[in-house]
Amino acid sequence: MRFMSAHIPRKRLGDTSSSSNSSSSEEEETGLLLGPLSSLGDDEEDEGSWEQEHQQPQKQKRDRQSSEHDPHAAGGLGGSLPSAALGIIKGMVGPAILYLPHGFASAGYLVAIPVMLLSAAMFLWTSACLLEAWKRESDRVNNGSIRGKTGDDQKRIVLSYPELARRAFGTRGERLVQVGISLMQSGVCLTYLIFVPQNLRASALLLFDWDVSAGRALAFMVALEVPMSWIRDIRRLTATNLLANILILYGLVTCLGFAVDDIAHNVDGDVDDNEISETMMTTTITSGAFLREAFRRARSLPAFEPSGWFLFLGTSVLLFEGSITLLVPLQEAVQTPDDRRKFPSMYRRVIMGIVSFYLLFGTTCWMAFGNDVRTVMTTSLPPGTMATTVQLAYSLAVVFTFPLQNFPSLEIVSAVVGRMLPPAGNGTGKVGDSFRRNVISSALVVLLSVIALSAMDDLDRVVSLMGSLLGCPLAFVLPPLIQNRLDTGRELGERKRRGNVAVAVLGLGAMVV
């Protein structure tokens, strides 16, 4: 998952509510994704459905809290459909795609391709559920609230995924989504702490002939990430996040280029000598030798792997978790009403395009590097300078992305610990709070590194476990149940409601498998 508000296309034109301290900045950045974090420390009983509480003052208070995170408030803030499409791509395509070739090899094409298509179909269904639930609730709470108002009086109440869960299932539902998102982000950080040391080890061996242990490479990464986790205003990471996106794009294109080049330059079969020349790539593509070689390799791939097919279920789900958590913030960030109406159809088209690229990338790299392709695919590239640049580029991109991924978990842990401990006093004030937060962030990074060290050789299992236990509830189970629960007027129809239940049951089944 490539997360965080840096991926949400919004801007602060005309924002008159200046923030003089970094804590307000970080609350603003996380508000659209996690919603207000105050419920994590509450001891109150479950509030029930929104229908039961919408007449209470507490509801008005929470709606005001939501409006504080409104990117459209204080004068037409937001983004366009193209910027939202870019946010979807940035939120979904990242280092996790490198696990696909190994996942395909572990499952076989009779499992991998149908599971990918089924996961995509389920995700399109559940994302539509979440968007429809958002529209229903957004229309309800904002009905007439901005009509006839301009300038600073124009306010919209912004909803988030956790807020929709609260309106459906009360504070327990909200906490479940918030904790689920934070655990998923921590899990992604855990994979990063395995991914980077393996790449650094391969690069050091090739460049300097140093056989650096995974533990030392991990310690080097932790030494970088601990001080970076102390940053409280994540807008300061905008430049590094942009660089990370460029490096990821370079890595993806180069990896795919390696795979295509391997197929083109290792043609085996009934091919004339004239088809293999100095212009090998062009000649083989135009003559059909490249396609024949690709089909030959595809036929040689195993159809089913009984020992590891179940691991691919969780891997396929992990590819979508980043998009489901950003879905509502991206919808909210679209500025004009007309673009908001067009967003769902645009979202479906972009997701289908991304899934098509997933299938192309996974199968092509699998055909090129064979069944021995490693979980971290960059370590399976042919040794050489170009492969090393890809490994280093991805490692640097992940190092820069880590603080953004870790931010939601850090905010939730800090909020919980802050309510358990007495406030910093005796004149320390913000200095004491900042020191406490730095200690918590450092401890969280170190804890993840300890887990990563013990799971260094089991990245495929870590990825599958994350997708199954954390990705399935967030992406497949909760969205259709939220829509059913909020449909108090039975407007969906019995067929739609049963379809939602069926998809949620399939998601639960994927968790168990």
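Taking Arg498 as the reference, Glu494 meet the salt bridge (Lys or Arg N to Asp or Glu O under 4.0 Å) condition, with sequence neighbours excluded. For Asp339, there are no salt bridge (Lys or Arg N to Asp or Glu O under 4.0 Å) partners two or more places apart in sequence or in a different chain. Looking at residues two or more places apart in sequence or on another chain, you find a side chain to side chain donor-acceptor pair (under 3.5 Å) between Thr389 and Tyr250. Legend: residues meeting side chain to side chain donor-acceptor pair (under 3.5 Å) with Arg349, ordered by chain and number and at least two apart, are absent. Contacts of Ser186 classified as side chain to side chain donor-acceptor pair (under 3.5 Å), with partners at least two apart in sequence or in another chain: Ser409. Legend: residues meeting ring-ring contact (aromatic ring centres under 6.0 Å, His included) with Phe402, ordered by chain and number and at least two apart, are absent. For Arg497, the salt bridge (Lys or Arg N to Asp or Glu O under 4.0 Å) partners are Asp487, not counting sequence neighbours. Remark: Ser395 engages no residue in a side chain to side chain donor-acceptor pair (under 3.5 Å) (not counting sequence neighbours).
Listed by first and then second residue, the side chain to side chain donor-acceptor pair (under 3.5 Å) pairs involving residues 251-260 amount to none (not counting sequence neighbours). The salt bridge (charged side-chain N to carboxylate O under 4.0 Å, His left out) contacts involving residues 500-513 comprise nothing, where partners must be two or more places apart or lie in separate chains. Sorted by first and then second residue, the ring pair (Phe, Tyr, Trp, His ring centres under 6.0 Å) pairs involving residues 326-353 (not counting sequence neighbours) are Phe343-Tyr347.
Looking at Arg136 and Glu132, no side-chain N of the basic residue comes within less than 4.0 Å of a carboxylate O on the acidic one, giving no salt bridge.
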Listed pairs under 3.5 Å, donor-acceptor, residues 92-112 side chains, sequence neighbours left out:
from: His102; atom 1: ND1; to: Val373; atom 2: O; distance (Å): 3.0
from: His102; atom 1: NE2; to: Ser106; atom 2: OG; distance (Å): 3.3
from: His102; atom 1: NE2; to: Thr375; atom 2: OG1; distance (Å): 3.4
from: Ser106; atom 1: OG; to: His102; atom 2: O; distance (Å): 2.9

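For the residue pair Asn406 / Gln185, no side-chain donor-acceptor distance below 3.5 Å is found, with atom types taken as modelled.
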